[in-house]
**Student:** 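Can you read through this structure? Questions will come right after.
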Number of protein chains: 2
Amino acid sequence: MKTSIHAVARETYVPALRTLSRLLDKGAEYAQANGIDLAALLNEKLASDMFPLTLQVQLACHHAKDGIARVTGQEPPKIENKELTFAELKALVDRTVETLTALSAKAFDGAENRRIELPLQGQRLFESDGFQFLCHWSIPHFYFHVVTAYDILRHNGVQLGKRDYMKDISGGFIRQLAQA
Amino acid sequence: MKTSIHAVARETYVPALRTLSRLLDKGAEYAQANGIDLAALLNEKLASDMFPLTLQVQLACHHAKDGIARVTGQEPPKIENKELTFAELKALVDRTVETLTALSAKAFDGAENRRIELPLQGQRLFESDGFQFLCHWSIPHFYFHVVTAYDILRHNGVQLGKRDYMKDISGGFIRQLAQA
């Protein structure tokens, strides 16, 4: 395999979005089994001034789409901050996976050296090439929201382990050895 | 910039380890200002069966070193699971940064196609090339522990924002525009 910006993007966002979908399902199962209001679980947060689970999921999807859009020279998505139901959140993750998997390798032509300019609050500007943008902006933000979603669910009693986080990310590369 | 496995590694682990060092300092400042036992803060966790802050930091360092060691064909480190003081944790992060920054680009020759075989619990084996190993094992584990360290501190009242997480990761690419 040739390491490329297309490969970095392809091997990062989609597997972890599938993780997010799995984590949401586990949360829903837990809520149902324990008589917990799923909407309330989606509004849980780790600190009063942090974003709730629903927004962590939305922001993970945002950063995945935004990262790919910017390095492939498309119009970046607007951040949406809505109260979404469980079904809407799941659909958002699924749509994001579909959008990203539909992109051909060709869309990434020139992505490596594409000039990225991202205006930030406080009259600041993030400037880099496409590869640096993925490593120094998009991917760290993306994992922040995926992992925080996991941490919120875990903190609220959902029975998860590291394997639930890693299964869709690493599963394709793991094989069961013959038992002794 | 040419996207390479060396670039992916260089642009991922060291910036986020510097974040981890900053987060620990913020935790120590908060503990001191609020008369909280720093050792107790290091033992905080988000769920009774999750690892405490001190181990999240140790595992982030482990995955950074392990990822680089395996793709460059060196002996991977053993996971250490010790009760470390604040000073020892900070020193561990600093040593990890030093180890990784000392590696030359030449050490990564052949890393992309290097065969990685990682035995897992339950008679399972993770098998991939070097690039897939970074994307599907090392980096997702690494971010898991960095972000969970942030989430533990945040959940315990330490005044942090996303900028504390992103500052060392993105800072080199952000410039202040002239005020209007």
Side-chain angles (χ1 to χ4, degrees), chain A residues 1-5 7-8 10-12 15-16 19 46-47 49-50 112-113 119-120 122-137 139-148 150-152 154-157 161-162 165-166 169-180, chain B residues 1-5 7-8 10-12 15-16 19 46-47 49-50 112-113 119-120 122-137 139-148 150-152 154-157 161-162 165-166 169-180:
Chain A
M1 162 174 305
K2 182 83 192 65
T3 305
S4 66
I5 191 166
V8 171
R10 184 188 58 212
E11 312 284 324
T12 298
T19 282
L46 289 172
D49 58 346
M50 269 185 98
E112 203 161 71
N113 298 312
L120 303 175
Q123 292 270 83
R124 296 172 310 137
L125 188 69
F126 181 100
E127 282 178 308
S128 72
D129 65 30
F131 174 71
Q132 291 163 334
F133 175 71
L134 288 191
C135 291
H136 292 274
W137 188 266
I139 291 174
H141 274 292
F142 174 71
Y143 274 118
F144 181 92
H145 297 294
V146 173
V147 174
T148 299
Y150 174 100
D151 284 343
I152 292 172
R154 199 74 164 71
H155 177 65
N156 282 279
K162 193 82 157 314
Y165 168 75
M166 287 300 294
I169 294 173
S170 66
F173 301 94
I174 294 175
R175 68 183 172 93
Q176 185 73 49
L177 301 175
Q179 303 292 332
Chain B
M1 162 175 302
K2 183 82 193 67
T3 304
S4 65
I5 193 165
V8 171
R10 184 187 60 211
E11 312 285 325
T12 298
T19 282
L46 289 172
D49 58 345
M50 269 185 97
E112 201 162 70
N113 298 313
L120 302 175
Q123 293 271 80
R124 295 172 309 136
L125 187 70
F126 181 100
E127 282 179 307
S128 73
D129 65 30
F131 174 72
Q132 291 163 333
F133 174 71
L134 288 191
C135 291
H136 291 275
W137 188 266
I139 291 174
H141 274 291
F142 174 70
Y143 273 119
F144 181 92
H145 297 293
V146 173
V147 174
T148 299
Y150 174 99
D151 284 343
I152 292 172
R154 197 73 164 70
H155 178 65
N156 282 278
K162 193 80 154 319
Y165 168 74
M166 287 300 293
I169 294 173
S170 65
F173 300 93
I174 294 175
R175 67 183 171 94
Q176 184 72 49
L177 301 175
Q179 302 292 330

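What you see is a predicted model, and the numbers here were worked out from it, not measured in a lab. Numbered from 1 within each chain, the chains take letters A, B, ... in sequence-line order. Any value given below was found using the heavy atoms of this structure, including those in side chains, with hydrogens, waters and symmetry copies removed.
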**Student:** Show the nearest heavy-atom pair for residues B:Asp151 and A:Thr148, with the distance to one decimal.
**Tutor:**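 Reported closest heavy-atom pair: OD2-OG1, 3.0 Å.
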**Student:** So which heavy atom on B:Pro140 is nearest to which on A:Tyr165, and how close?
**Tutor:**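 Shortest heavy-atom separation between B:Pro140 and A:Tyr165 comes out as O-OH, 2.7 Å.
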**Student:** State whether the side chain of B:His136 and the backbone N or O of A:Ile169 hold a donor-acceptor pair below 3.5 Å, judged by distance alone.
**Tutor:**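 The answer is yes, because a donor-acceptor pair under 3.5 Å joins these two groups.
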**Student:** Chain B heavy atoms under 4.5 Å from A:Tyr150: which part of the residue, side chain, backbone, both or neither?
**Tutor:**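 Just the side chain, heavy atoms under 4.5 Å.
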**Student:** Tell me which of these, B:Val147, B:Ile139, B:Val8, B:Thr19, has more heavy-atom pairs under 4.5 Å with chain A than the rest.
**Tutor:**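 The residue among B:Val147, B:Ile139, B:Val8, B:Thr19 with the greatest pair count is B:Val147.
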**Student:** Which atom pair, heavy atoms only, marks the closest approach of A:Phe126 to B:Ile174?
**Tutor:**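 That would be CD1-CG1, 3.8 Å.
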**Student:** Measure the spacing between CD of A:Gln132 and OG1 of B:Thr3 and express it to the nearest 0.5 Å.
**Tutor:**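 Here the rounded value is 9.5 Å.
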**Student:** A:Tyr143 versus chain B, heavy atoms under 4.5 Å apart: side chain, backbone, both or neither?
**Tutor:**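 Its backbone and side chain both get close to chain B.
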**Student:** Ignoring hydrogens, what is the shortest heavy-atom contact between B:Arg154 and A:Asp49? Give both atom names and the distance.
**Tutor:**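 Closest approach of B:Arg154 to A:Asp49, heavy atoms only: NH1-OD1, 2.8 Å.
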**Student:** Counting heavy-atom pairs closer than 4.5 Å to chain A, which one of B:Leu125, B:Ile152, B:Asn156 comes out on top?
**Tutor:**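 Of B:Leu125, B:Ile152, B:Asn156, B:Leu125 has the most heavy-atom pairs under 4.5 Å with chain A.
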**Student:** Closest approach of A:Gln123 and B:Ala178, non-hydrogen atoms and distance?
**Tutor:**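 Taking A:Gln123 first and B:Ala178 second, the nearest heavy atoms are NE2-O, 3.2 Å.
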**Student:** So which part of A:Leu120 gets closer than 4.5 Å to some heavy atom of chain B, the side chain, the backbone, both or neither?
**Tutor:**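 Answer is side chain: those atoms of A:Leu120 sit under 4.5 Å from chain B.
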**Student:** Quick one: what part of A:Pro15 sits under 4.5 Å from any heavy atom of chain B, side chain, backbone, both or neither?
**Tutor:**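 Side chain only.
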**Student:** Mind checking side chain to side chain donor-acceptor pair (under 3.5 Å) for B:Arg175 and listing every partner two or more places apart, or none if nothing turns up?
**Tutor:**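 Counting only residues at least two positions away or on another chain, B:Arg175 forms a side chain to side chain donor-acceptor pair (under 3.5 Å) with A:Glu127.
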**Student:** To the nearest 0.5 Å, what is the distance between OG on A:Ser128 and CD on B:Glu11?
**Tutor:**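 The CD atom of B:Glu11 is 9.5 Å from OG of A:Ser128, to the nearest 0.5 Å.
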**Student:** Which heavy atom of B:Gly122 sits nearest a heavy atom of A:Gln176, and at what distance?
**Tutor:**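 Smallest interatomic distance, heavy atoms only, reads O-NE2, 2.7 Å.
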**Student:** Run the side chain to side chain contact (heavy atoms under 4.5 Å, CB included) test against B:His141 and tell me which residues pass, sequence neighbours left out.
**Tutor:**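 B:His141 satisfies side chain to side chain contact (heavy atoms under 4.5 Å, CB included) with A:Lys162, A:Met166, B:His63, B:Trp137 once adjacent residues are dropped.
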